[in-house]
Amino acid sequence: YDVDSKRRVSLWPSSWLSMVRLLQARWLNHRGGLDIVWNPFTNVFNYQPVGAKPVALKPTIYKLRIALSDLERNHYDTLNLTVALHPSETLERMMARIMAFCLNAQPGLEFCKGLSDVAEPDLWIKEMDDTITLWIDVGEPDPDRIKKSVRKAERVKVYSFNRKSTTWWDQGKSKFRAFRNLSVGS
């Protein structure tokens, strides 16, 4: 049955196997087990359980090996990082997170849930007694989020990376200057 044109479509399976599958699907659909979806471009039936929920996209995992040489801080290290790219995150933002990690590399620095959990930053250093010594956000967080992070952490850094950075800074610089433990970079 073609839903768009409200007319019946005659479909004949091309093989015995597809005929058996079609009959099984019709029987299961009669029992309320499957939704049958016909693709008119490929002339193929697709079956899915009734009420099936769409599956969430999984993150893409990247493994990186970085030779870090920070002459200003006298910090030299080889970093083996495993970074997850959230499905709604761009490669540009992921690279900004990696750059923020490299610029602040020190023992205890770790990636957080980031986009998956709004209560956590992108990177942080959290001590054993749950005090946060360094909170790093990537992007253009709103002033309320920065105010909350300044209260929770000893030091807060924000790395802005896209074309809207100057507009974001101009709109919030009067609020940001009140926080002594905040530094913003782009």
Side-chain angles (χ1 to χ4, degrees), residues 35 48-186:
D35 284 333
Q48 65 184 19
V50 172
K53 295 179 182 173
V55 178
L57 296 173
K58 295 182 179 178
T60 306
I61 305 298
Y62 290 91
K63 294 189 179 267
L64 306 163
R65 181 175 301 141
I66 300 172
L68 184 65
S69 300
D70 190 346
L71 300 175
E72 291 178 7
R73 294 187 305 143
N74 201 21
H75 182 82
Y76 306 96
D77 199 359
T78 300
L79 305 172
N80 291 314
L81 301 176
T82 302
V83 181
L85 175 69
H86 192 273
S88 65
E89 184 178 28
T90 63
L91 280 172
E92 184 182 26
R93 187 178 189 288
M94 184 190 76
M95 290 306 297
R97 287 192 301 135
I98 294 168
M99 289 297 297
F101 189 93
C102 292
L103 289 170
N104 296 284
Q106 55 187 294
L109 184 65
E110 58 188 28
F111 287 99
C112 299
K113 294 178 183 176
L115 292 175
S116 300
D117 188 0
V118 295
E120 290 185 5
D122 293 305
L123 301 159
W124 69 7
I125 297 176
K126 193 172 187 181
E127 302 298 331
M128 298 294 272
D129 61 351
D130 283 345
T131 58
I132 301 170
T133 56
L134 179 61
W135 175 296
I136 299 174
D137 267 331
V138 174
E140 290 81 27
D142 60 318
D144 293 335
R145 178 176 170 84
I146 292 176
K147 184 177 181 179
K148 184 177 102 175
S149 62
V150 164
R151 278 190 255 134
K152 285 185 174 182
E154 293 175 14
R155 291 181 301 145
V156 176
K157 293 186 179 185
V158 176
Y159 291 96
S160 180
F161 63 90
N162 64 26
R163 293 184 191 109
K164 300 181 292 182
S165 296
T166 54
T167 306
W168 171 78
W169 174 252
D170 290 339
Q171 289 174 351
K173 66 182 170 185
S174 62
K175 297 176 185 174
F176 300 152
R177 289 192 177 153
F179 306 125
R180 297 284 177 218
N181 56 346
L182 172 68
S183 62
V184 178
S186 64

Student: Can you tell me if Arg93 uses its side chain to pair, donor with acceptor, with the backbone of Val138 under 3.5 Å?
Tutor: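 Between the backbone of Val138 and the side chain of Arg93 there is a qualifying donor-acceptor contact (under 3.5 Å).
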Student: Hey, could you give me the CD1/CZ distance between Ile98 and Phe101, rounded to the nearest 0.5 Å?
Tutor: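 One gets 10.0 Å once the value is rounded to the nearest 0.5 Å.
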Student: Which atom pair, heavy atoms only, marks the closest approach of Ala105 to Leu68?
Tutor: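 Closest approach of Ala105 to Leu68: CB-CD2, 3.4 Å.
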Student: Is the backbone N or O of Ile146 less than 3.5 Å from a side-chain atom of Asp137, with the two atoms forming a donor-acceptor pair by type?
Tutor: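 Looks like no, no N/O pair under 3.5 Å.
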Student: If only atom types and distance count, is the side chain of Asp77 paired as donor or acceptor with the main-chain N or O of Leu79 below 3.5 Å?
Tutor: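 Looks like no, no N/O pair under 3.5 Å.
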Student: The test is side-chain contact (heavy atoms from CB on, under 4.5 Å); show your working for Asn181 and Glu154 and say whether it passes.
Tutor: CA-CA 7 Å; Asn181 56 346; Glu154 293 175 14; 5.6 Å; no
Student: Looking at every non-hydrogen atom in both residues, tell me the closest pair between Pro143 and Lys175 and how far apart they are.
Tutor: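 Pro143 and Lys175 have their closest heavy atoms at CB-CD, 3.8 Å.
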Student: Do Asp122 and Ile136 have side chains that approach each other closer than 4.5 Å (heavy atoms only, starting at C-beta)?
Tutor: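 A side-chain contact is absent here, since even the closest heavy-atom pair is not under 4.5 Å.
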Student: Measuring from atom OH of Tyr62 to atom CE of Met94, what distance do you get when rounded to the nearest 0.5 angstrom?
Tutor: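 Going from the OH atom of Tyr62 to the CE atom of Met94 covers 5.5 Å.
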Student: Out of curiosity, Leu81 CG to Ile66 CD1, how far, rounded to the nearest 0.5 Å?
Tutor: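 Answer rounded to 0.5 Å: 5.0 Å.
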Student: For the CG atom of Leu64 and the OG1 atom of Thr82, what is their distance to the nearest 0.5 Å?
Tutor: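 Rounded to the nearest 0.5 Å, the CG-OG1 separation comes to 8.0 Å.
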Student: Counting heavy atoms not belonging to Arg73, are there more than 12 under 6.0 Å from its CZ?
Tutor: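 Above 12, so yes.
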Student: What pair of heavy atoms forms the shortest contact from Thr90 to Leu85, and how long is it?
Tutor: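 Looks like O-CD1, 3.6 Å.
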Student: Distance-only, no hydrogens or angles: does the Trp168 side chain make a donor-acceptor pair with backbone N or O of Pro141 under 3.5 Å?
Tutor: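 Looks like yes, one N/O pair under 3.5 Å.
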Student: How long is the span from the SG atom in Cys112 to the CH2 atom in Trp135, to the nearest 0.5 Å?
Tutor: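 Interatomic distance, Cys112 SG to Trp135 CH2, rounded to 0.5 Å: 8.0 Å.
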Student: Does some side-chain heavy atom of Tyr76 sit less than 4.5 Å from a side-chain heavy atom of Leu71?
Tutor: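 Yes. Closest side-chain heavy atoms under 4.5 Å.
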Student: Report yes or no: does Thr133 contribute a side-chain atom to a donor-acceptor pair with the main-chain N or O of Ile125 at less than 3.5 Å?
Tutor: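 Yes.
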Student: Do you know the tightest heavy-atom contact between Glu120 and Lys113?
Tutor: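 Heavy atoms only, the tightest pair is OE1-N, 3.3 Å.
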Student: Can you tell me how far NZ of Lys63 sits from CG of Asn80, rounded to the nearest 0.5 angstrom?
Tutor: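 Those atoms lie 9.0 Å apart.
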Student: Under 4.5 Å between any side-chain heavy atoms of Leu134 and Lys157, yes or no?
Tutor: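 Result yes, sub-4.5 Å side-chain heavy-atom pair found.
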Student: Less than 4.5 Å apart, any side-chain heavy atom of Tyr159 and any of Leu103?
Tutor: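 A side-chain contact exists here, since the closest heavy-atom pair is under 4.5 Å.
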Student: Using only atom types and a distance under 3.5 Å, with no angle test, would you say the side chain of Arg97 pairs donor to acceptor with the backbone of Phe111?
Tutor: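 Checked: no pair found.
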Student: Any luck finding a side-chain donor-acceptor pair between Glu140 and Ser160 under 3.5 Å?
Tutor: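 Checked: Glu140/Ser160 side chains pair up, N/O donor to acceptor below 3.5 Å.
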